[in-house]
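Note on naming: letters A, B, ... go to the chains in the order of the sequence lines (proteins, then strands), and numbering restarts at 1 for each one.
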Amino acid sequence: MINLEKNDNVFTLTMDDGENRWNTTFVREISKILDEVEASTGAAALVTQSSSPKFFSNGLDLDWVNAPAEHPAAGDYRVFGGEFMALMGRVITLPIPTVCAINGHAFGAGFMFALCHDVRLMREDRGFICANEMQIGLTIPNPELALFRHKLPANTFFETVQLAKRWGGPQALQAGIVQQTTDIDNLAASAFQRAQELAPLGANRANYGGQKERLFGENAILNNSHGAAYHLKHASEQGH
Amino acid sequence: MINLEKNDNVFTLTMDDGENRWNTTFVREISKILDEVEASTGAAALVTQSSSPKFFSNGLDLDWVNAPAEHPAAGDYRVFGGEFMALMGRVITLPIPTVCAINGHAFGAGFMFALCHDVRLMREDRGFICANEMQIGLTIPNPELALFRHKLPANTFFETVQLAKRWGGPQALQAGIVQQTTDIDNLAASAFQRAQELAPLGANRANYGGQKERLFGENAILNNSHGAAYHLKHASEQGH
Amino acid sequence: MINLEKNDNVFTLTMDDGENRWNTTFVREISKILDEVEASTGAAALVTQSSSPKFFSNGLDLDWVNAPAEHPAAGDYRVFGGEFMALMGRVITLPIPTVCAINGHAFGAGFMFALCHDVRLMREDRGFICANEMQIGLTIPNPELALFRHKLPANTFFETVQLAKRWGGPQALQAGIVQQTTDIDNLAASAFQRAQELAPLGANRANYGGQKERLFGENAILNNSHGAAYHLKHASEQGH
């Protein structure tokens, strides 16, 4: 379902489950792979990719969502929401650089997973990124809204969550959702190369992961009620 | 002063008052039109446009502001500030998709009105969007600053409110203030078409309008003191 | 070390200390110059530039940081952090328009100084802007994170602070870090011209500086727990 390889300092996680739809079993398989990645030490980076020719990850496992009892292998439905969100919270604060190779459609939960990485590369000619909840009549949970808002510019954020916009590669690049586009033949190699470049940042995991916690975690400095000038002017009182 | 038409699922509000400057009467006329729009049910979207060849809306009715007693038809000056801001708060959370066709200058209050819509199209060859308060020595009220900040990327926001930058169509597109530009002959048709595409999102008004309240309303999740990772990791406790 | 000229309404501050690295003496020299600038009245703007052919400002004075006792002329190391941050807080809220001409590398503290200005022009063919702390294993203090976040779009912010990205002129323009690029021969003249255009905004210093305090200071409206719609709808209660 999920494969992991390591070459030089780069772990490559490959989702190998067709449309790579999310259920409790899928969440736990990814989580186990991350345990292995996090057990490493020293310079390292993670590439996440899909083996599908068409999908990065096409969202929730809707067959299971609609009839959990008929798909017992997909796992306990009642714990899914909390476990999936917590996994996303783990990925966004992973203490090594993370690179996501978006080879095809990334919808809903698949978009969230991509966005939790530090860098995104996307195939330029095909595939869409989309948070389609509003279009299919679902409510976007608060933690998902917070994720989109903290990763995207204000205008891109609004078009994404309110208008359910489908972003192709070039538009996603322009909008600040992905950082690079490439043809499909060079996608995996480009992601690997970017991960190799960034891997040294992962050598000091306390610093690299600690900053992600400061950006995105409890009482995040960026959400403090005071502005930048206040923090700058009172830095000596705060011990900086 | 304000006209309303409906074709298919699209309401078209046309400001037909010359420079479309804002006074209490103008606010209340728009508000009455919105009552009619909101009384509808089912899939729907709103296009806002101007009948002027040169102006979308050129800001406050300064003749009236400077001598309210001489312009009694413009309405009660004392209630204007609160009623205008509240109308903007209503537009930004309108429970159907809203598309603004900026055919010419949109200054001050006119810029605010445009920005409260979900999507903006702008004539590409002429006309400027500008929050010119700083240039003419006026203080920008806090609710207006909040509006600009929650709709624009940080750099665009700062140039807009602090430097009173005049944005032409192509620059406004690049800066994320408008989502499309077109020649004037195709502006109305393009806005109508975009509204038709978005109208289905308005069918579920509780979801569409409710999310705008969550983004922009009281105790907005996005302004919470915690970051995205915190919300993700604690989603199960929050009932998601 | 630091020179100040005035032509028409434009003050030009020139850093003339080689790589223009930051120590306590450098902070205090800049601060003295700002006293002179702030003692002026009427329309005014500030241009900040460097006399070096290669560096705008290359960051902390590392020789001094590593052996303060051997460089007594660089000043008291113990007060540096608080005084430097407070100076940045002063620059970001300076009550006149400020224009920064980035002629070469701006690293770490040099990037912060540039970002505290209202407008940035950058040489297009050479030089990098970079917050390189993560790369060299240093922790970015909270006030610096707040500065970057309040000035840059969310995606640019993250690449800057987490990935220590080196931004050349054209990329910095695209990312919203600088507002204009030019060849080196026209950089000083372009910065001066931009400052002349903006100088009238400095005539009303209470309004121009006051708004910067509202954007970036204590209990900044933008960081309030409520969203824009809440502020708009409750404007009349807030006295707007």
Is there a side-chain contact between C/Arg123 and C/Asp183 (heavy atoms, below 4.5 Å)? no
What residue among C/Phe158, C/Phe157, C/Phe111 forms ring pair (Phe, Tyr, Trp, His ring centres under 6.0 Å) with C/Phe148? C/Phe111
Any side-chain donor paired with an acceptor under 3.5 Å for C/Ser50 and C/Asn20? yes
Whether C/Tyr230 and C/His234 hold their rings parallel, tilted or perpendicular, with breakpoints at 30° and 60°: parallel
Please look at B/Ile92 and chain C and tell me whether the side chain, the backbone, both or neither of the residue comes under 4.5 angstrom of a heavy atom of that chain. side chain
Any chance the side chains of C/Trp167 and C/Thr160 put a donor and an acceptor closer than 3.5 Å? yes
Report which part of B/Thr93 has an atom under 4.5 Å of a heavy atom belonging to chain C: side chain, backbone, both, or neither. side chain
Please determine, among B/Met112, B/Glu83, B/Met134, the option with the most heavy-atom pairs under 4.5 Å with chain C. B/Met134
Which answer fits C/Gln179, side chain, backbone, both or neither, if we ask what part of it has an atom under 4.5 Å from a heavy atom of chain B? side chain
Which portion of B/Val161 sits near chain C, non-hydrogen atoms under 4.5 angstrom: both
Chain B contact via C/Asp118 - which portion, at a heavy-atom distance below 4.5 Å: both
Parallel, tilted or perpendicular for B/Phe56 and B/Phe113, by the 30°/60° rule? parallel
Side chain, backbone, both or neither: which part of B/Leu152 has a heavy atom under 4.5 Å from chain C? neither
Residue C/Leu198 versus chain B: region with a heavy atom under 4.5 Å: side chain
